[in-house]
**Q** 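Structure incoming, see below.
This chain uses plain numbering: 1 for the first residue, then up along the sequence.
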Amino acid sequence: MLLISPESVEEALDCVKAAEHLDIVDVKKPDEGSLGANFPWVIREIRDAVPAEKPVSATVGDVPYKPGTVAQAALGAAVSGATYIKVGLYGCTTPEQAVDVMRGVVRAVKDYRPDALVVASGYADAHRIGCVSPLALPDIAHRSGSDAAMLDTAIKDGSRLFDHVPPDVCAEFVRLAHEAGLLAALAGSVKAADLAALTHIGTDIVGVRGAVCEGGDRNAGRIQPQLVAAFRAEMDRHAREHAAAVAAAS
């Protein structure tokens, strides 16, 4: 699945123009961080603007180790219309802290909307900020009752997912997630050139923003419908080639 992250209602309307090419519209606020949380009214307006059959995802933020605070924020995202709730475990330095935060989120969200999906998000460059390591995420997600494990990059300085977690380690992340019955999502300045590797390792959700923005700039550029379509075409091409290779090998 392709997840695209607009930061405003105007950008969400650009996503609507390319709705046939994407699977999830993800609401975030990039100037508040990698997984910066946007306002509840923005989530609501984007939910209203996007076709009903397209799920809306919302980030809760690059959160501290404050389980009660994060649970309330997650509930706010769900009440505002998000069906995927993403939590960036920025301030959790141990798996136990991360599980504690995510259990609160899962209960808050599922009590309100049982069919919502909770995503435990970590960071490929965890070593730079001192949070839980990437390969701990699938177990954290599983133990907390979350539905998906995700990796992004915390520091947006031009470095990318594979710069910090190479494809073989990402493959292990995906394997661990699938073994635990979870969806595996990967993001972090992902480019079209990364799609062959992401397809090969079985990634369920690919998250992008910069790659479909004007000039490749996630902050100053605006999402371009034609870039979304082109990125999706590349995804589909790699999926077809991978399926053909698997069929030929069997």
Side-chain angles (χ1 to χ4, degrees), residues 1-5 15 18-28 34-35 50 53-60 82-89 102 105-106 109-110 115-124 134-153 160-162 164-209 211-212 228 231-247:
M1 292 185 283
L2 176 59
L3 177 149
I4 303 290
S5 301
C15 288
E20 66 187 287
H21 304 294
L22 57 89
D23 301 291
I24 304 167
V25 177
D26 178 57
V27 187
K28 63 171 61 171
S34 170
L35 295 170
V50 171
E53 70 275 8
K54 295 289 179 184
V56 166
S57 162
T59 53
V60 175
T83 47
Y84 284 73
I85 313 297
K86 290 164 52 186
V87 181
L89 296 165
M102 292 310 305
V105 168
V106 168
V109 169
K110 302 280 189 179
D115 65 334
L117 296 174
V118 175
V119 184
S121 298
Y123 304 91
L135 290 183
L137 260 295
D139 186 58
I140 289 165
H142 177 63
R143 287 165 58 196
S144 62
S146 300
D147 302 285
M150 180 174 188
L151 287 181
D152 203 328
T153 48
R160 296 157 61 188
L161 172 72
F162 288 156
H164 303 288
V165 182
D168 60 326
V169 181
C170 283
E172 179 65 3
F173 174 88
V174 171
R175 187 191 69 78
L176 290 169
H178 288 170
E179 198 173 71
L182 304 164
L183 292 171
L186 293 170
S189 300
V190 168
K191 308 296 184 191
D194 302 321
L195 286 171
L198 291 169
T199 302
H200 180 72
I201 65 178
T203 312
D204 298 301
I205 301 171
V206 175
V208 298
R209 175 173 170 77
V212 296
V228 175
F231 194 90
R232 184 51 184 249
E234 275 296 284
M235 274 186 73
D236 291 346
R237 180 175 70 81
H238 285 292
R240 289 193 302 271
E241 290 177 0
H242 180 66
V246 170

**Q** Show the nearest heavy-atom pair for residues H142 and A180, with the distance to one decimal.
**A** ND1-O, 3.5 Å

**Q** Flag the pair T83 / D115 as yes when at least one side-chain heavy-atom distance between them is below 4.5 Å, and no otherwise.
**A** no

**Q** Using 0.5 Å steps for rounding, measure from the CZ atom of F162 to the CG atom of L198.
**A** 4.0 Å

**Q** Does atom NE2 of H200 have more than 12 heavy-atom neighbours from other groups under 6.0 Å away?
**A** no

**Q** Quick one: NE2 on H242 to CD1 on I201, what's the gap to the nearest 0.5 Å?
**A** 10.0 Å

**Q** Shortest non-hydrogen contact from M102 to S146?
**A** CE-OG, 3.5 Å

**Q** Nearest 0.5 angstrom please: L2 CG to D236 CG, how far?
**A** 9.0 Å

**Q** Rounded at 0.5 Å granularity, tell me how far CD1 in I24 sits from NZ in K86.
**A** 8.5 Å

**Q** Would you say that L89 contacts L137 through its side chain, given a criterion of any heavy-atom pair below 4.5 Å between the two side chains?
**A** yes

**Q** Which atoms form the tightest heavy-atom contact between K191 and R160, and what is the distance?
**A** CG-NH2, 3.2 Å

**Q** Can you check whether D147 reaches K110 side chain to side chain, under 4.5 Å on heavy atoms?
**A** yes

**Q** Can you find a pair of side-chain heavy atoms, one from L35 and one from Y123, that are under 4.5 Å apart?
**A** yes

**Q** Which heavy atom in A192 sits nearest to a heavy atom in F231, and how many Å separate them?
**A** N-CE1, 3.7 Å

**Q** I'd like to check V165 versus L135 (side-chain heavy atoms, cut-off strictly below 4.5 Å). Are they in contact?
**A** no

**Q** For residues V208 and I4, determine if any side-chain heavy atom of one lies less than 4.5 Å from a side-chain heavy atom of the other.
**A** yes

**Q** Is M150 close to I205 at the side-chain level, that is, under 4.5 Å between some pair of heavy atoms?
**A** no

**Q** State whether the side chain of S57 and the backbone N or O of A82 hold a donor-acceptor pair below 3.5 Å, judged by distance alone.
**A** no

**Q** Measuring from R209:CZ to L3:CG, what's the distance to the nearest 0.5 Å?
**A** 12.0 Å

**Q** Nearest 0.5 Å please: distance from the CG atom of D152 over to the OG atom of S189.
**A** 7.5 Å

**Q** I would like to know whether L176 and D139 meet side-chain contact (heavy atoms from CB on, under 4.5 Å); could you show each step before the answer?
**A** CA-CA 8 Å; L176 290 169; D139 186 58; over 6 Å; no

**Q** Which heavy atom of L161 sits nearest a heavy atom of T153, and at what distance?
**A** N-CG2, 3.9 Å

**Q** So, for A141 and A149, which heavy atoms are closest and what is the spacing to 0.1 Å?
**A** CB-CB, 4.2 Å

**Q** Taking the side chain from K28 and the backbone from S5, do they hold a donor-acceptor pair closer than 3.5 Å?
**A** no

**Q** Below 4.5 Å, heavy atoms only, C-beta onward: do R240 and T199 meet side chain to side chain?
**A** no

